[in-house]
Amino acid sequence: MMSGLRQRKKEQTRLRIAEVALRLFGERGYDAVTVNEIAEAAGVAKVTLFSYYPTKDCLVLDGIQDDPAGIVAARRPGQSPLDALREHYRAVAARGADGVDVQRLLTQVRVVSETPALMAGVYQAHMGQRYELAAALEAASRQASEGGAPNDPKGASPEGVDSEGGEVGELAARIMAGQITATLTTVQEAFFHRLAAGMPLEEAGRHRTADVELAFNLLENGFKPKNGDKS
């Protein structure tokens, strides 16, 4: 019981530090606030702050990155990578407003978008995310090939791109990973933009649910203009 209490207190301290940091960044700008000021305002020692957040940018960026590669790796037997990803992000959208602090979220987005160093950190994280997802897609294709299962056109090896023993190639996996991560980022940005425009959280959440379905339908089937569209 004492261990559980200590863990809860540590989590409360971690959250308090992040909340104080984000408030100060929102008020004065990321570059104008020092780590010493954050520690003092949060009522902790600087060494304590760094034990929770090793770098200043972690105070803003920690926890905002998702793990699509992990979702692919943990998928159920027989489930394609895209089906696993759709299921996960559909569930995230279905949770709706649970636990979402809109003002905090918008402040976080604004601080990141106004700070070149943080934008660079987001780009680096996204690049790493793409490489990890590409490796997971290659592994999924390899497992399907070794198991004698046909490649799934909704999974790691769409028709026409595999060239080596039925397995998806490295470039194809990287292209697919780029498409998936860009799509997820676009869905997330649409959600943020609706909130920033004043749309109620519940309504923005309903739009996000529809966006997830549209996004994965496009990933699975491609963009197919309607009959008569010459563009």
Side-chain angles (χ1 to χ4, degrees), residues 1-71 88-89 92-93 95-133 181-182 184-205 207-208:
M1 183 172 294
M2 287 299 295
S3 176
L5 180 60
R6 284 195 297 270
Q7 197 62 35
R8 285 196 298 273
K9 287 184 175 180
K10 288 176 65 176
E11 180 63 11
Q12 289 170 356
T13 300
R14 187 185 71 84
L15 292 175
R16 184 174 73 253
I17 292 170
E19 289 170 1
V20 168
L22 191 59
R23 175 176 58 80
L24 293 175
F25 294 152
E27 292 171 353
R28 294 164 49 196
Y30 177 82
D31 292 327
V33 179
T34 68
V35 172
N36 284 335
E37 289 174 314
I38 296 168
E40 183 177 351
V44 299
K46 185 177 178 180
V47 67
T48 300
L49 184 151
F50 280 129
S51 71
Y52 290 101
Y53 300 97
T55 62
K56 183 181 175 182
D57 61 355
C58 286
L59 288 159
V60 183
L61 301 180
D62 186 55
I64 70 170
Q65 298 299 324
D66 213 336
D67 182 22
I71 295 165
H88 172 82
Y89 290 101
V92 170
R95 287 201 292 269
D98 292 349
V100 177
D101 183 334
V102 174
Q103 290 307 313
R104 184 185 188 286
L105 178 61
L106 292 178
T107 299
Q108 186 179 32
V109 172
R110 177 170 59 82
V111 169
V112 171
S113 64
E114 292 177 350
T115 310
L118 293 177
M119 287 296 292
V122 170
Y123 175 79
Q124 290 292 329
H126 282 174
M127 185 167 62
Q129 189 181 78
R130 288 198 306 273
Y131 283 118
E132 291 172 2
L133 179 56
T181 53
L184 294 175
T185 299
T186 301
V187 170
Q188 185 181 54
E189 288 174 348
F191 177 63
F192 292 157
H193 289 162
R194 291 185 181 113
L195 292 177
M199 181 178 288
L201 179 60
E202 291 77 9
E203 185 178 353
H207 280 284
R208 181 166 63 168

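Everything numeric here is computed off the predicted structure, so don't read it as measured data. Here, residue 1 is the first one in the sequence, and each next residue gets the next number.
Rounding to the nearest 0.5 Å gives a distance of 5.0 Å between CZ of R23 and CD of E27. For the atom pair D62 CG and Y53 OH, the distance stands at 5.5 Å (nearest 0.5 Å). For the atom pair CD1 (I17) and CD1 (I38), the distance works out to 9.5 Å, reported to the nearest 0.5 Å. Atom CZ in R14 sits 10.5 Å away from atom CG in L59 (nearest 0.5 Å).
Scanning for salt bridge (Lys or Arg N to Asp or Glu O under 4.0 Å) contacts around R16 gives an empty result, with sequence neighbours left out. Not counting sequence neighbours, D67 has no partner by the salt bridge (Lys or Arg N to Asp or Glu O under 4.0 Å) test. In this view, T55 and D57 satisfy the side-chain hydrogen bond (donor to acceptor under 3.5 Å, both in side chains) rule, not counting sequence neighbours. For the side-chain hydrogen bond (donor to acceptor under 3.5 Å, both in side chains) test, residues two or more places apart in sequence or in another chain that qualify with R28 are E37. Applying the salt bridge (Lys or Arg N to Asp or Glu O under 4.0 Å) rule to E19 yields no partners; only residues at least two apart in sequence or on another chain are considered. T48 meets the side-chain contact (heavy atoms from CB on, under 4.5 Å) test with V44, A45, S51, Y52; sequence neighbours excluded.
Pairing each heavy atom of L49 with each of A39, the nearest pair is CD1-N, 3.9 Å. The minimum heavy-atom distance between V112 and M119, with the atom names listed, is O-CG, 3.2 Å.
Residue pairs meeting the side-chain hydrogen bond (donor to acceptor under 3.5 Å, both in side chains) criterion with at least one member in residues 102-113: none, sequence neighbours excluded. For residues 22-41, the set of pairs meeting the ring pair (Phe, Tyr, Trp, His ring centres under 6.0 Å) definition, not counting sequence neighbours, comprises F25-Y30.
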Under 3.5 Å, which donor-acceptor pairs link side chains of residues 122-133 to any protein atom two or more places apart or in another chain?
{"from": "Q129", "atom 1": "NE2", "to": "D66", "atom 2": "O", "distance (Å)": "2.9"}

Quick one: side chains of residues 187-199, donor-acceptor pairs under 3.5 Å with protein atoms, not counting sequence neighbours, listed by atom name and distance.
{"from": "H193", "atom 1": "ND1", "to": "E189", "atom 2": "O", "distance (Å)": "3.4"}
{"from": "R194", "atom 1": "NH1", "to": "D211", "atom 2": "OD2", "distance (Å)": "2.7"}
{"from": "R194", "atom 1": "NH2", "to": "D211", "atom 2": "OD2", "distance (Å)": "3.4"}

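Counting heavy-atom neighbours within 6.0 Å of E203 CD, excluding the residue itself, gives a total above 12.
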